[in-house]
Amino acid sequence: MPQATVHLLRHGEVYNPDGVLYGRLPEFHLSELGRQMAVTLAEHFSARAAQGANIVHLAASPLTRAQETARPISEALGLEIATEERIIEAANYFEGLQVSRAEIFKPKHWPMLRNPLRPSWGEPYKEQAARVAAAVQDARLRAIELGGEGSEAILVSHQLPIWATRLSAEGKPLWHDPRKRECTLTSVTSLVFDDAGSLLRVDYSEPAAALLPGASSTPGA
């Protein structure tokens, strides 16, 4: 039996009719579809709990969309939502803009594009992975404290921090093509730890896959 599992859950679809990169902006709520996704995830984790999964800890990014995604899970499992600042969305220079090639490549933005490997337009990938990994370790220890061996924790976060953390955990380069991230809306990236507290494996699933067709997802959000 694994010592503990920490599930990194991406939030559901956001109501964003203007198509801006919302980043860390406040008051971006889930859409109606996003709320359905959140309920589907709550049903998924409830089913796992009914089958014996010992899910004992739930935390979410402070951003509205993450808190709203966590709420149905909280109600279904009877867990309070802890707010975890370290799993917040990545800082991004383009926050608040309608992100398109026409906008990004305006001359005034060129200095921010000088190093896509870092990336120069936002929080470095290494810093994102480091802060989320620290939160994951604390969640692992908290799960063991609350539920003992084999316990599980859920952290509701955002696509880029989750993806950077997964790449780091798998020993892969952190720079990447954003279009090729395996981290859909309300997907679950699970970090499974062995008895020594070392990473055993990374699992990935999409419990709300049936709701993904037609869902919007602003690039980089």
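If you read the sequence from its start, that first residue is 1, and numbering goes on from there.
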Report yes if the side chains of [X] and [Y] come closer than 4.5 Å at any heavy-atom pair, otherwise no.
X      : Y      : result
Thr189 : Trp163 : no
Leu167 : Pro173 : no
Gln137 : Phe193 : yes
His7   : Leu155 : no
Tyr22  : Asn16  : yes
Pro62  : Ile88  : yes
Pro161 : Glu89  : yes

Residues, nucleotides or ligands: over 12 heavy atoms within 6.0 Å of Glu170 CD: yes

Looking at Phe94, I'd like to know if its CZ atom is crowded, meaning that more than 12 non-hydrogen atoms belonging to other residues, nucleotides or ligands lie closer than 6.0 Å. yes

Using a 3.5 Å distance criterion without hydrogens, assess whether the side chain of [X] forms a donor-acceptor pair with backbone atoms of [Y].
X      : Y      : answer
Asp194 : Ser198 : yes
Asp203 : Ser190 : no
Thr40  : Ala208 : no
Ser120 : Arg114 : yes
Gln98  : Asp18  : yes
Trp110 : Phe105 : yes
Gln3   : Glu149 : no
Thr5   : Glu152 : no
Ser168 : Thr165 : no

Would you tell me whether [X] and [Y] have side-chain atoms, one donor and one acceptor, within less than 3.5 Å of each other?
X      : Y      : result
Gln67  : Thr83  : yes
Ser61  : His158 : yes
Gln51  : Arg48  : no
His109 : Glu103 : yes
His176 : Arg181 : yes
Glu13  : Ser31  : yes

Full working for side chain to side chain contact (heavy atoms under 4.5 Å, CB included) between Val192 and Leu199: CA-CA 6 Å; Val192 183; Leu199 185 66; 5.6 Å; no

cation_pi(Arg166, Tyr204) dist<6.0 Å, angle<=45: yes

Arg65 charged N/C atom sitting above Phe28 aromatic ring, 6.0 Å / 45°: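 Here Arg65 fails the 6.0 Å and 45° test against Phe28.
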
[X] [atom1] to [Y] [atom2] distance, which is reported to the nearest 0.5 Å:
X      : Y      : atom1 : atom2 : result
Leu63  : Arg24  : CG    : CZ    : 8.0 Å
Leu141 : Ser151 : CG    : OG    : 11.5 Å
His11  : Thr64  : NE2   : OG1   : 11.0 Å
Leu97  : Ile104 : CG    : CD1   : 9.0 Å
Ile144 : His57  : CD1   : NE2   : 12.0 Å
Ser187 : Met37  : OG    : CE    : 10.0 Å

Please report the closest heavy-atom contact between [X] and [Y], naming both atoms and the distance.
X      : Y      : answer
Leu79  : Ile55  : CD1-O, 3.8 Å
Ala215 : Leu33  : CB-CD2, 3.8 Å
Ala135 : Ile87  : CB-CG2, 3.8 Å
Ala153 : Ala143 : CB-CB, 4.2 Å
Gly197 : Arg140 : CA-NH1, 3.7 Å

Residue of the set Lys126, Glu123, Glu84, Glu85 for which side-chain contact (heavy atoms from CB on, under 4.5 Å) holds with Arg131: Glu123

Among Leu8, Ile162, Leu41, Ile154, the one residue meeting side-chain contact (heavy atoms from CB on, under 4.5 Å) with Val188: Leu41

Salt-bridge criterion met for Arg142 and Glu145 (N-O under 4.0 Å):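 Looking at Glu145 together with Arg142, the answer is yes, because their closest N to O distance falls below 4.0 Å.
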
List the steps and the verdict of side chain to side chain contact (heavy atoms under 4.5 Å, CB included) for Leu185 and Arg10. CA-CA 6 Å; Leu185 293 165; Arg10 186 184 173 196; 3.6 Å; yes

Same cluster or not: [X] versus [Y], using hydrophobic residues (I, L, V, M, F, W, Y) connected whenever any side-chain heavy atoms lie under 4.5 Å apart?
X      : Y      : answer
Ile73  : Val56  : no
Ile81  : Val6   : no
Leu160 : Trp121 : yes
Val202 : Leu9   : no
Val156 : Leu146 : no

